[in-house]
Amino acid sequence: MDKHDFKRTVDKTRAAFATPSIAAAVCVGGKTYYHACGHTHALGGKADEHTVYPIASASKAFIATCIMMLADEGSLDLDAPVKRYLP
């Protein structure tokens with residue numbers, strides 16, 4: 001994969017899903033490929049590496065998934081008091 005292949009893939013993905021803008025990054029073999037494209041409605045400009053995408057309440061699902069993964073691997077006890085992990 002080179003940066004041009006990655007850029008084409010991101011562009012095609014944005015078009016396929018009719019998304020106003022997208023930003024993506026992938027790390028492979030010590031190299032980081034980054035590409036942003038499209039227009040941001042809130043900022044009125046083009047998407048770039050500084051564009052902020054508010055995800056609102058979606059972060060709750062990410063956190064819950066991470067907590068359950070930690071519990072599954074035995075790194076977190078769901079029945080323990082929170083202060084054990086956050087004093």
Side-chain angles (χ1 to χ4, degrees):
M1 172 192 293
D2 67 13
K3 65 182 178 180
H4 300 293
D5 290 336
F6 181 68
K7 181 182 181 310
R8 280 190 293 275
T9 300
V10 173
D11 289 339
K12 285 181 183 179
T13 301
R14 185 179 78 85
F17 289 96
T19 304
S21 69
I22 189 171
V26 175
C27 298
V28 178
K31 291 184 179 183
T32 300
Y33 300 93
Y34 176 84
H35 179 58
C37 58
H39 297 279
T40 60
H41 296 293
L43 301 176
K46 294 187 89 168
D48 64 15
E49 67 273 11
H50 302 290
T51 302
V52 176
Y53 291 92
I55 61 172
S57 292
S59 61
K60 293 173 189 167
F62 301 143
I63 292 169
T65 300
C66 290
I67 288 171
M68 295 310 292
M69 290 171 70
L70 288 168
D72 280 348
E73 70 180 26
S75 297
L76 181 89
D77 179 2
L78 295 175
D79 295 321
V82 172
K83 67 181 180 180
R84 177 186 293 174
Y85 303 103
L86 300 171

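Shown here are the side chain to side chain donor-acceptor pair (under 3.5 Å) partners of Thr32, two or more places apart in sequence or in another chain: there are none. Taking Lys31 as the reference, nothing meets the side chain to side chain donor-acceptor pair (under 3.5 Å) condition, with sequence neighbours excluded.
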Determine all donor-acceptor pairs shorter than 3.5 Å in which one atom belongs to a side chain in residues 75-87; sequence neighbours excluded.
unit_1: Ser75; atom_1: OG; unit_2: Glu73; atom_2: OE2; d: 2.9
unit_1: Asp77; atom_1: OD1; unit_2: Asp79; atom_2: N; d: 2.9
unit_1: Tyr85; atom_1: OH; unit_2: Asp77; atom_2: N; d: 2.8

Less than 3.5 Å apart, which donor and acceptor atoms pair up between the side chains of residues 14-29 and the rest of the protein, not counting sequence neighbours?
unit_1: Arg14; atom_1: NH1; unit_2: Thr19; atom_2: O; d: 3.1
unit_1: Arg14; atom_1: NH1; unit_2: Pro20; atom_2: O; d: 3.3
unit_1: Ser21; atom_1: OG; unit_2: Tyr53; atom_2: OH; d: 3.0

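In this structure, Asp72 CG and Ile67 CD1 are separated by 12.5 Å, a value rounded to the nearest 0.5 Å. Once rounded to the nearest 0.5 Å, the distance linking NZ of Lys7 with NE2 of His35 reads 4.0 Å.
Residues Met68 and Ile63 share a hydrophobic cluster, clusters being chains of Ile/Leu/Val/Met/Phe/Trp/Tyr side chains in contact below 4.5 Å.
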### Message
Apply salt bridge (Lys or Arg N to Asp or Glu O under 4.0 Å) to residues Asp5 and Arg8 and explain how you reach the verdict.
### Response
CA-CA 5 Å; Asp5 290 336; Arg8 280 190 293 275; 2.5 Å; yes

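Among all heavy-atom pairs drawn from Asp11 and Cys37, the shortest one is OD1-SG, 3.2 Å.
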